[in-house]
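Only one structure is covered here, and it is reproduced in the block below.
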Amino acid sequence: MKVLVAVKRVLDYNVKVRVKSDQSGVDLSNVKMSMNPFDEIAVEEAVRLKEAGVDAEIVVVSAGVSQSQETLRTALAIGADRAILVESEVELQPLGVAKILQHVAQTEQADIIILGKQAIDDDCNQTGQMLASLMDLPQATFASKLVIQDSNAMVTREVDGGLETLKLELPAVITADLRLNEPRFITLPNIMKAKKKTLEVIKADSLGIDIAPRIKTIRVAEPGGRKAGVVVADAAALIDKLKNEAKVI
Ligand code: AMP
């Protein structure tokens, strides 16, 4: 079985995001970049499937700048077998990424494609859904449990009303939610082992896919500051404030 996992290089979640002075985007110079946290969960899940006895090869794929190789090395250190970077200097948006992933999934003949539910930089929550649609594959988003049974994936997913379990015929697209697992710490020996694993670099231009951006960013701005809150003495004081100051009730 071939498991393909998509990993994106994003601004580290601990970094305080700064907007560029010309408001054209977010300042990425000299800031720590890491694997998108949901993608770390996706890689961890693939590795756990293998450790649980599923006969699988885990291929991790990233689309983006050359430095994404570091992100792929991290995925290899978690336990993936092989990595592919589809290198592109142009800004990639979910549709472009989904088309690239479609190409890789078809070339690799992937049985399961696992993505994060969303990337914490653009917060789009679109790529997995677009990929499933392009490939006409069953999809289960926001997975909190994944079990492989013969040629099916049993996926428990978090929905508004609670939990829902879907049975998908493989090949299928699954996107990982926070509670799917807790990724392991990466050990030094595994970082060393990862250096020896295969990392193939393909130029996005060579694929003949239209990955041109479809969305234009007009302006990026910091959210407005919030006023400090107040502590009220009791419920009556709260109601008074809501009625007479905030005028919301
Ligand atoms: P998004 O739709 O942008 O919120 O991203 C959802 C998921 O798609 C991410 O968690 C990744 O698994 C995958 N993804 C998005 N962009 C990329 C990329 N440039 N390279 C690889 N995977 C990506």
Side-chain angles (χ1 to χ4, degrees), residues 3-13 25-26 28 33-47 58-76 78 80 82-108 110 112-135 137 139-144 146 155 157-158 172-181 183 199-205 207 209-215 217:
V3 185
L4 188 69
V5 186
V7 299
K8 183 177 187 187
R9 176 179 186 264
V10 297
L11 203 73
D12 187 88
Y13 71 96
V26 166
L28 295 180
M33 304 291 285
S34 301
M35 189 189 307
N36 182 42
F38 293 107
D39 304 353
E40 232 178 288
I41 295 171
V43 177
E44 173 70 33
E45 193 62 20
V47 175
I58 304 166
V59 181
V60 282
V61 56
S62 192
V65 292
S66 165
Q67 292 90 322
S68 308
Q69 291 190 36
E70 291 161 20
T71 316
L72 287 168
R73 288 281 170 212
T74 306
L76 293 171
I78 298 174
R82 192 155 64 74
I84 301 171
L85 169 64
V86 181
E87 196 176 323
S88 165
E89 292 304 323
V90 302
E91 182 203 341
L92 291 169
Q93 291 174 352
L95 184 60
V97 176
K99 288 183 189 173
I100 289 172
L101 294 177
Q102 176 186 21
H103 171 87
V104 177
Q106 280 166 348
T107 314
E108 292 287 336
I112 311 178
I113 309 162
I114 314 180
L115 300 88
K117 75 163 178 181
Q118 77 193 64
I120 61 162
D121 52 359
D122 58 23
D123 269 342
C124 280
N125 179 4
Q126 294 172 350
T127 311
Q129 295 86 331
M130 286 177 171
L131 176 65
S133 171
L134 287 172
M135 297 189 72
L137 289 180
Q139 63 173 305
T141 51
F142 314 138
S144 60
L146 169 63
V155 183
R157 55 192 300 269
E158 300 188 359
V173 176
I174 294 160
T175 74
D177 208 337
L178 200 63
R179 275 167 288 276
L180 184 58
N181 60 54
L199 193 163
E200 183 188 355
V201 181
I202 304 170
K203 296 274 179 209
D205 301 347
L207 302 179
I209 301 173
D210 174 14
I211 51 169
R214 298 294 200 276
I215 303 162
T217 302

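For ligands, and for the atoms within them, numbers begin at 1 and follow the listed sequence. The shown structure was predicted, so the numbers you read here are calculated from the model rather than taken from an experiment.
Of all the atoms in ligand 1, the ones that sit under 4.0 Å from a non-hydrogen atom of V61 are 21 (C). Counting the atoms of ligand 1 from 1 in the order shown, those under 4.0 Å from a heavy atom of N125 are 1 (P), 2 (O), 4 (O). Residue C124 has at least one heavy-atom neighbour below 4.0 Å for each of these atoms of ligand 1: 1 (P), 2 (O), 3 (O), 4 (O). Heavy-atom proximity to D122, at under 4.0 Å, picks out these atoms of ligand 1: 1 (P), 3 (O), 4 (O).
Among the atoms of L92, none of the N or O lies under 3.5 angstrom from an N or O of ligand 1. Residue contacts with ligand 1: A63 is placed with a nitrogen or oxygen under 3.5 Å of a nitrogen or oxygen of the ligand (distance criterion only). Annotation: P94 places no N or O atom under 3.5 Å from an N or O atom of ligand 1; distance criterion only. Geometrically, ligand 1 and K117 share no nitrogen or oxygen pair separated by less than 3.5 Å. For ligand 1, one of its N or O atoms has an N or O atom of N36 under 3.5 Å away.
Across all non-hydrogen atoms, the minimal contact from V155 to I174 is CG2-CD1, 4.0 Å. Listed here is the closest heavy atom pair of A143 and L180: O-CB, 3.6 Å. For V7 against M35, the heavy-atom pair with the smallest separation is CG1-SD, 3.9 Å.
The shortest contact between atom 21 (C) of ligand 1 and any protein heavy atom is with V7 O, 3.1 Å. Remark: minimum distance from atom 17 (C) of ligand 1 to any protein heavy atom is reached at V97 CG1, 3.4 Å. For atom 10 (O) of ligand 1, the closest non-hydrogen atom of the protein is D39 OD1, 2.5 Å. Scanning all protein heavy atoms for the shortest distance to atom 8 (O) of ligand 1 gives T127 CB, 3.3 Å. Here the heavy atom of the protein found nearest to atom 13 (C) of ligand 1 is L115 CD2, 3.8 Å. A6 CB, 3.5 Å is the protein heavy atom nearest to atom 22 (N) of ligand 1. For atom 16 (N) of ligand 1, the nearest protein heavy atom (residue, atom name, distance) is K8 CD, 3.3 Å. Remark: minimum distance from atom 7 (C) of ligand 1 to any protein heavy atom is reached at G116 O, 3.3 Å.
T175 places a side-chain N or O within 3.5 Å of a backbone atom of F142 that can act as its donor or acceptor partner. Judged by distance alone, with hydrogens and angles left aside, the side-chain atoms of Q93 form a donor-acceptor pair with the main-chain N or O of R214 at under 3.5 Å. When atom types are taken as modelled, the side chain of E44 and the backbone of N181 share no donor-acceptor pair closer than 3.5 angstrom. Side-chain N or O atoms of K99 include one that pairs as donor or acceptor with a backbone N or O of D210 at under 3.5 Å.
The closest approach between a heavy atom of D121 and any atom of ligand 1 is not below 4.0 Å. Ligand 1 has at least one atom lying under 4.0 Å from a heavy atom of S62.
The distance from the OG atom of S88 to the CD1 atom of I202 is 13.0 Å, given to the nearest 0.5 Å.
With V43 as reference, V60 is the one residue of V60, V3, T74, I58 to meet the side-chain contact (heavy atoms from CB on, under 4.5 Å) rule. Among D121, D123, D39, the one residue that satisfies the salt bridge (Lys or Arg N to Asp or Glu O under 4.0 Å) test with K8 is D121.
Looking at D12 and M33, their side chains never come closer than 4.5 Å, going by heavy atoms from C-beta outward. Side-chain contact between E158 and R179 is present, with at least one heavy-atom pair separated by less than 4.5 Å.
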